[in-house]
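Heads up, the thing below is written out as structure tokens.
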Amino acid sequence: MPELPEVEVVRRGLERWVAGRTVTEVEVLHPRAVRRHPAGGADFASRLKGQRFEVARRRGKYLWLPLADTGTSVLGHLGMSGQLLVQPEDAADEKHLRIRIRFDDATGTELRFVDQRTFGGLSLHDQTPDGLPDVIAHIARDPLDPEFDEAAFHRALRLRRTTVKRALLDQSLISGVGNIYADEALWRSRLHYDRPTATLTRPRSAELLGHARDVMNEALAVGGTSFDSLYVNVNGESGYFDRSLDAYGREDEPCRRCGTPMRRRPWMNRSSYFCPRCQRPPRPSA
DNA sequence: AGATCGCCCTGCTTGC
DNA sequence: TGCAAGCAGGGCGATC
């Protein structure tokens, strides 16, 4: 389940191993992996051939590789289980290999997109004047972006008629926060997931944002979170989160602050983990 | 137009 | 032991 820190680890891997290389051959092995490329796999492959990758960029959980001198980029999202691997050309195909990209150099390695659950994919898009693939122009900056607009974020929280966890997962307000880190940031902030955003004072929302940023930076420092073998970084090494999570996945385990058993609640076809004592539900509004 | 919710997919886990 | 249901979940798009 790659979240923002894992995607950033992958971006760095791409920067190191793929930037500057020129594509000679593209194989699309599963149509779902290019479903965001409306013209289809053959078009994706032919348009990519001969192009040179520039340094990978990222916003939230999206990453993209600009193609030199074209005004276009290969946009990627890892979804639930996607991996971008730089592998020796003669390495056996992974079971869930979806896309293979070969290069014109003599390094003997190729780029592979591997994805078990096929929520992720690659596609080719024009760039906006900001250098963003046009289809993600609506995605907000993420908390690790130096240009993240904190004041605008706080204003939006006050104006929205929604609850705090929904807002954290709303990619048009703040990007890169998934279910896991949302629960972590809320636990650290002692906020219940159903708290209406309009009731958050500026200091409270600033604290929440700070915790979201801290969780991500800590995960980044150890190479990204990973609970299972699904997440592997660009070189095939598993990331890990040594200091285990405080909230997510800890149902019935003692809260690390107060010892109260943590709870899990079904929430939007997902789960929310929280401490019933530290994170009190909001009073029903009249 | 903001808010909500169903759907896409596969494999592991759980329960009968 | 085997099968089916449950669960994981980001983001898109339909709907109200």
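Convention: sequence-line order gives letters A, B, ...; per-chain numbering from 1. All values derive from a computational prediction rather than experimental measurement.
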Just checking, is any N or O donor in the side chain of A/Q83 or A/Q116 under 3.5 Å from an acceptor N or O on the other one?
-> no
Output yes when a side-chain donor or acceptor of A/D183 lies under 3.5 Å from a complementary backbone atom of A/Y273, and no otherwise.
-> yes
Verdict with reasoning, A/R58 to A/D142, per side chain to side chain contact (heavy atoms under 4.5 Å, CB included) = CA-CA 9 Å; A/R58 180 189 60 74; A/D142 61 67; 3.0 Å; yes
Residues at least two apart in sequence or cross-chain that pass side-chain contact (heavy atoms from CB on, under 4.5 Å) with A/E207, listed by chain then number, are A/R204, A/H211
Just list the side-chain donor-acceptor pairs under 3.5 Å for residues 28-39 of chain A, sequence neighbours left out, or say none.
| residue | atom | partner | partner atom | Å |
| --- | --- | --- | --- | --- |
| A/H30 | ND1 | A/R32 | N | 3.0 |
| A/R32 | NE | A/T118 | O | 3.1 |
| A/R32 | NE | A/T118 | OG1 | 2.9 |
| A/R32 | NH2 | A/T118 | O | 2.7 |
| A/R35 | NH1 | A/R32 | O | 2.9 |
| A/R35 | NH1 | A/G120 | O | 3.1 |
| A/R35 | NH2 | A/F119 | O | 2.9 |
| A/R36 | NH2 | A/Y62 | OH | 3.0 |
| A/H37 | ND1 | A/L124 | N | 3.1 |
| A/H37 | NE2 | A/D43 | OD2 | 2.8 |

Whole-Å gap separating [atom2] ([N]) and [atom1] ([X]):
| X | N | atom1 | atom2 | value |
| --- | --- | --- | --- | --- |
| A/K61 | C/dC12 | NZ | P | 12 Å |
| A/E251 | C/dC7 | CD | P | 11 Å |
| A/R36 | C/dG13 | CZ | C1' | 12 Å |
| A/L169 | C/dC12 | CG | P | 14 Å |
| A/L63 | C/dG11 | CG | P | 12 Å |
| A/R35 | B/dC7 | CZ | P | 16 Å |
| A/D170 | B/dC5 | CG | P | 14 Å |
| A/W267 | B/dA3 | CH2 | C1' | 12 Å |

CZ on A/R161 to CZ on A/R166, rounded to 0.5 Å | 15.0 Å
C/dG11 phosphate, OP1 or OP2, under 4.0 Å from A/H138 side-chain N/O | no
Phosphate OP1/OP2 of B/dG6: any A/N269 side-chain N/O under 4.0 Å = yes
For A/S172 and A/R160, work out which heavy atoms get closest and say how close.
-> OG-NH2, 3.9 Å
Sequence-distant partners of A/H77, side-chain hydrogen bond (donor to acceptor under 3.5 Å, both in side chains), two or more places apart = none
Those residues that, when tested against A/D194, pass side-chain hydrogen bond (donor to acceptor under 3.5 Å, both in side chains) (two or more places apart) = none
Which residues within residues 152-167 of chain A lie with some heavy atom under 4.0 Å of an atom in DNA chain B?
-> A/R160, A/R161, A/T162, A/R166
Which listed nucleotide (B/dC9, C/dA8, C/dG11) is nearest to the side chain of A/Q171?
-> C/dG11
Starting at the 5' end of DNA chain C and moving along, which residue's nearest nucleotide shows up first, A/V177 or A/S271?
-> A/S271
Give me, pair by pair, the N or O atoms of the protein and of nucleotides 10-12 of chain B that are less than 3.5 Å apart, along with how far apart they are.
| residue | atom | partner | partner atom | Å |
| --- | --- | --- | --- | --- |
| B/dG11 | OP1 | A/H96 | NE2 | 3.1 |
| B/dG11 | O4' | A/Q116 | OE1 | 3.4 |

